[in-house]
Amino acid sequence: MKYVWMWVGWSLCAGCSWKNKPFPAPPVEAAPQAVKRSNLEIPRAQTFELGGRQAEGFELRVENVGKTKVEVLTAAGSMGTIAPGDVADATVGPNEMARLRNVSGNRSARLKVVYIQAFEGFLGMRYVD
C-alpha cells in the first residue's frame, strides 16, 4: 500500500483542535508483507518443496503437530530435524526452496507452516519422492 501525503489548508477546519499545526510526518513505508498459514500433510518418505523461482526471499516457520520427525533443508543445508511438538525457523533466499522431508517410512507427517513473503505472487509447491 502506498501512502499519499498532502498538506490541507488550515482554514478548512476552523474548529479543529489541530488548527495551525502541521500533520505528523508520514511513516517510513515498509514493503507490504503477506503472512500465509497452511496445515500440511506430507506422505510417508516424501518431501514437500516450497519456493524455487521467486524473485525475493521469504521467512518460514514450521511447527510439527504430528507424530513423526521432519527434516528441514534449505540452500544453506540441513536446518535439522523437527521432533513432534517442536518449531523451526528458516530464511529462504531468492530462487531457493525449502524442503520439508518426512523421515518416517510408515507414517504421514503433519505440520503447521507459516511463511512471510515481501513480494507479490505465488510460491511453487510440490511433493517429490
Side-chain angles (χ1 to χ4, degrees):
M1 172 189 286
K2 296 198 182 246
Y3 295 101
V4 178
W5 294 91
M6 64 180 104
W7 291 96
V8 178
W10 290 298
S11 62
L12 295 176
C13 186
C16 295
S17 62
W18 48 266
K19 183 180 177 195
N20 295 327
K21 294 180 184 175
F23 282 69
V28 176
E29 185 176 335
Q33 292 187 337
V35 177
K36 302 192 178 172
R37 294 172 171 78
S38 178
N39 292 320
L40 176 65
E41 183 170 342
I42 304 173
R44 58 189 168 97
Q46 286 199 358
T47 301
F48 178 78
E49 295 180 341
L50 178 63
R53 293 187 178 176
Q54 69 281 357
E56 298 180 31
F58 61 94
E59 301 294 319
L60 178 67
R61 170 166 280 193
V62 179
E63 179 183 356
N64 188 342
V65 295
K67 296 180 180 180
T68 183
K69 294 179 182 178
V70 175
E71 185 178 14
V72 179
L73 301 124
T74 65
S78 177
M79 302 296 291
T81 301
I82 309 170
D86 284 349
V87 175
D89 294 318
T91 300
V92 181
N95 295 314
E96 294 177 359
M97 70 174 57
R99 291 179 178 91
L100 307 173
R101 179 179 298 152
N102 182 352
V103 297
S104 173
N106 60 4
R107 176 178 260 163
S108 291
R110 288 185 171 80
L111 307 168
K112 286 187 179 179
V113 178
V114 177
Y115 61 95
I116 302 171
Q117 65 184 47
F119 59 90
E120 292 185 21
F122 299 95
L123 290 173
M125 299 177 199
R126 69 181 182 160
Y127 290 94
V128 294
D129 291 328

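We use all heavy atoms of the structure for the numbers below, so side chains are in, but hydrogens, waters and symmetry mates are not.
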- prompt: Tell me the salt bridge (Lys or Arg N to Asp or Glu O under 4.0 Å) pairs involving residues 74-84, sequence neighbours left out?
  reply: none

field: Sequence-distant partners of Glu41, salt bridge (Lys or Arg N to Asp or Glu O under 4.0 Å), two or more places apart
entry: Arg110

field: Same apolar cluster (I L V M F W Y, side chains within < 4.5 Å links), Tyr127/Leu73
entry: no

message: If the condition is ring-ring contact (aromatic ring centres under 6.0 Å, His included), which residues does Tyr115 pass it with, not counting sequence neighbours?
response: none

- request: Report whether Phe48 and Val87 are members of the same hydrophobic cluster (ILVMFWY, side-chain heavy atoms less than 4.5 Å apart, transitive linking).
  value: no

- line: Rounded to the nearest 0.5 angstrom, the CG-CG distance for Leu50 and Leu40 is 9.0 Å

message: Has Gln54 got a side-chain atom pairing as donor or acceptor with Glu96's backbone, closer than 3.5 angstrom?
response: yes

- request: Could you list all the salt bridge (Lys or Arg N to Asp or Glu O under 4.0 Å) pairs where at least one residue sits in residues 63-77, not counting sequence neighbours?
  value: Glu71-Arg101

- prompt: With hydrophobic residues grouped by side-chain heavy-atom distances under 4.5 Å, do Val65 and Leu100 end up in a single group?
  reply: no

message: Going by side chain to side chain donor-acceptor pair (under 3.5 Å), name the residues that satisfy it together with Ser104, two or more places apart in sequence or in a different chain.
response: Asn106

query: Is there a side-chain contact between Thr74 and Met79 (heavy atoms, below 4.5 Å)?
result: yes

- prompt: Could you state the interatomic distance from CG (Asn95) to CD (Glu56), rounded to the nearest 0.5 Å?
  reply: 11.0 Å

- prompt: Do you reckon Ile82 sits in the same ILVMFWY cluster as Val113, going by side-chain contacts under 4.5 Å, direct or chained?
  reply: yes

- request: With sequence neighbours excluded, tell me which residues meet side chain to side chain donor-acceptor pair (under 3.5 Å) with Arg61.
  value: Asp89

- line: Sequence neighbours excluded, the answer for side chain to side chain donor-acceptor pair (under 3.5 Å) partners of Arg99 is Glu49

- line: Closest non-hydrogen atoms of Gly105 and Ala45, given as atom of the first, atom of the second and distance, are CA-CB, 4.5 Å

Within-4.5 Å side-chain heavy-atom neighbours: Val70 and Leu111: yes

statement: Distance col, row Thr68:OG1 vs Asn102:CG, nearest 0.5 angstrom, shows 4.5 Å

Test side-chain contact (heavy atoms from CB on, under 4.5 Å) applied to Phe58 and Leu123, Ile116, Thr91, the passing residue: Leu123

task: List the atom of Asn64, the atom of Pro84, and the distance in Å for their closest heavy-atom pair.
output: ND2-N, 3.6 Å

field: Least distance between heavy atoms, Ser108 atom then Pro43 atom
entry: OG-CA, 3.8 Å

Set of side chain to side chain donor-acceptor pair (under 3.5 Å) partners for Asp86, sequence neighbours left out: none

task: Take Asn39 and Lys112, measure what side-chain contact (heavy atoms from CB on, under 4.5 Å) needs, and give me the verdict at the end.
output: CA-CA 5 Å; Asn39 292 320; Lys112 286 187 179 179; 3.5 Å; yes

